[in-house]
Amino acid sequence: SDVRIVTGEAVYTENFSVPTAPLGDYSESTPAPEPAPAPAQTIARWVVVGAYLDDDNGSNSGSVYVYDTNNLSAQPTKLTAFDAAESDYFGYSVAATADKIVVGAINDDDNGSNSGAVYVYDANDISAQPTKLTAFDAAESDYFSWTVTTTSDKIFVSTIHDDDNGSNSGAVYVYDANNLSAQPTKLTAFDGAEGDYFGVSVAATADKIIVGASNDDDNATNSGAVYVYDANNLSAQPTKLTAFDGAEGDYFGVSVAATADKIIVGASNDDDNATNSGAVYVYDANNLSAQPTKLTAFDGAEGDYFGVSVSATNDKIIVGANADGDKGAYSGSVYVYDANDLSAQPTKLTAFDGAEFDQFGRTVAANADKIIVAVEYDDDNGISSGSVYVYDANDLSAQPTKLTAFDAAADDAFGSSVAATDDKIVVGARNNDDKGRDSGSVYVYDANDLSATPTKLTAFDGDVTDYFGYSVAVG
């Protein structure tokens, strides 16, 4: 899983994981991307864990487990779709707000094979039947719930394989979280075209919705674009952003993040510092017509993919470059910018014990005082056992706390999903084998005492290849 999260001032981002190979292949035969970490809140009330390959209602029908953070030793509530079927992938994505739990079932077949669905639960009455959302104009292979993003009053569901403006042109559905029976507003690009993948990344603030279309062709094939909507007037034409120096294969919009006053757009395959070195564009959210500040790594090199992940807080912009080679090929790095002084040289973070193929920076998250970098391919306890580095956001020169599972083993993929609040850090290890091969597990850390042994969660009925922990959220 990949980047993105922001806390602080109701900032939310949702992206997708990106391979180290060139971007842009989102064919319907290709599995959907791993879910991004859920938006961080202040104090966690529950931990939500997806196990999308659980077989309770047929092979790979999927399930979700909801834990009370005040009593993690108690048996969780297990959620499965009331109309579950084989290969629905219920739990592929999860999100949480103060009063709702949102679960994506990307391969639900109600409106054709793999049309997709979302289930919305009342977090204060989980036993009540959820509201099931499907696109009012759904079609086969839309994969509705490609990404799921939430704010306090809206739910955003993207489907990059929607075909309204041509095959895989993409769409985003915006629901009123307080009136789920109302028809959602469907957003599509006013100039959408085949293969644009509108909705591949989504971010939202109180007054704006930001939608990436990384394969838009305005500035040449797959140069990319971003559309910015007025969240309070969705019928108004959005502002379309393209890079002032956009070029073929830049994938501008592959990642997005937002704060109250800034919009951050990744273009991981920009070529300013050599082929696929990458770049990030920072816009004034209150003056989108102004030229953005373009960020490139001060030591950028070919194939770094700077901008493959982005995150933001009120005073920092965090950029991942998962293929940076400082500690070996694809060892990875993260650059932290002062959001109030973008001309200042950023702090570059690399793992103090980094090694080739770690892909440090592939997944990043942040809360008010911490920067979290997940490295599922770290090899400390065997190949791809995984790790997470937690930095003091106010003292980046200090050595971070490195988290590894106390019972780690090869191929556990600890760090494959991450969610954070001010009091909890939740780390998924989807390939942990406690309940059978790839049954999965989750570790819950006290964010204020990282030296304490975390609580390890496994499904009480876990089984082989459930992938418990593939997606996590906190609410």
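Note that this is a predicted model, so its numbers are computed, not measured.
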[Y] and [X], any side-chain heavy atoms less than 4.5 Å apart:
{"X": "P184", "Y": "F136", "answer": "yes"}
{"X": "F156", "Y": "V211", "answer": "no"}
{"X": "D315", "Y": "N340", "answer": "yes"}
{"X": "D271", "Y": "N276", "answer": "yes"}

Taking only residues two or more places apart in sequence or in another chain, which ones pass side-chain hydrogen bond (donor to acceptor under 3.5 Å, both in side chains) with [X]?
{"X": "D122", "result": "none"}
{"X": "D207", "result": "T205"}
{"X": "N232", "result": "none"}

Determine yes or no for a side-chain-to-main-chain donor-acceptor pair under 3.5 angstrom, with [X] supplying the side chain and [Y] the backbone.
{"X": "T159", "Y": "D142", "answer": "yes"}
{"X": "T185", "Y": "V174", "answer": "no"}
{"X": "S145", "Y": "V118", "answer": "no"}
{"X": "S63", "Y": "T80", "answer": "no"}
{"X": "D379", "Y": "S384", "answer": "yes"}
{"X": "D324", "Y": "D326", "answer": "yes"}
{"X": "N367", "Y": "T421", "answer": "yes"}

Working to the nearest 0.5 angstrom, can you tell me the gap between [X] [atom1] and [Y] [atom2]?
{"X": "F414", "Y": "S387", "atom1": "CZ", "atom2": "OG", "result": "7.5 Å"}
{"X": "F144", "Y": "D108", "atom1": "CZ", "atom2": "CG", "result": "10.0 Å"}
{"X": "T275", "Y": "D304", "atom1": "OG1", "atom2": "CG", "result": "11.5 Å"}
{"X": "S87", "Y": "L53", "atom1": "OG", "atom2": "CG", "result": "9.0 Å"}
{"X": "N60", "Y": "D466", "atom1": "CG", "atom2": "CG", "result": "9.0 Å"}
{"X": "Y330", "Y": "R362", "atom1": "OH", "atom2": "CZ", "result": "13.0 Å"}

Check [X] against [Y] and note the closest heavy-atom contact, atom names and distance.
{"X": "V364", "Y": "S311", "value": "CG2-CB, 4.1 Å"}
{"X": "A419", "Y": "A473", "value": "CB-CA, 4.1 Å"}
{"X": "G199", "Y": "T147", "value": "O-OG1, 4.0 Å"}
{"X": "D109", "Y": "D88", "value": "N-OD1, 4.1 Å"}
{"X": "S471", "Y": "G91", "value": "OG-O, 2.7 Å"}
{"X": "A247", "Y": "A220", "value": "C-CB, 4.3 Å"}

Next on the checklist: Apply side-chain contact (heavy atoms from CB on, under 4.5 Å) to residues D55 and D463 and explain how you reach the verdict.
Outcome noted: CA-CA 9 Å; D55 299 330; D463 204 351; 5.7 Å; no
Checklist entry - Restricting to pairs with a member in residues 273-293, which pass salt bridge (charged side-chain N to carboxylate O under 4.0 Å, His left out), not counting sequence neighbours? => result none
Can a side-chain donor-acceptor contact be found between [Y] and [X] if the only test is distance below 3.5 angstrom?
{"X": "D438", "Y": "N431", "value": "yes"}
{"X": "Y92", "Y": "Y470", "value": "yes"}
{"X": "N168", "Y": "H161", "value": "yes"}
{"X": "S268", "Y": "D270", "value": "no"}

Checklist entry - Residues in ring pair (Phe, Tyr, Trp, His ring centres under 6.0 Å) with Y65, at least two apart? => result F460, F468
Item to check | side chain to side chain contact (heavy atoms under 4.5 Å, CB included) partners for D83, two or more places apart | outcome: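 Expected list: A81, D110, Y119, K132.
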Next on the checklist: Please determine whether side-chain contact (heavy atoms from CB on, under 4.5 Å) holds for the pair V336 and I317, giving the CA-CA distance in whole Å, both sets of side-chain angles, and the decisive distance to 0.1 Å.
Outcome noted: CA-CA 6 Å; V336 182; I317 294 172; over 6 Å; no
Next on the checklist: If you apply the rule side-chain contact (heavy atoms from CB on, under 4.5 Å), what do you find for I263 with L288, and how did you get there?
Outcome noted: CA-CA 9 Å; I263 294 171; L288 292 173; 3.9 Å; yes
Next on the checklist: Evaluate N273 against F306 for side-chain contact (heavy atoms from CB on, under 4.5 Å), listing each step before the verdict.
Outcome noted: CA-CA 10 Å; N273 287 315; F306 174 94; over 6 Å; no
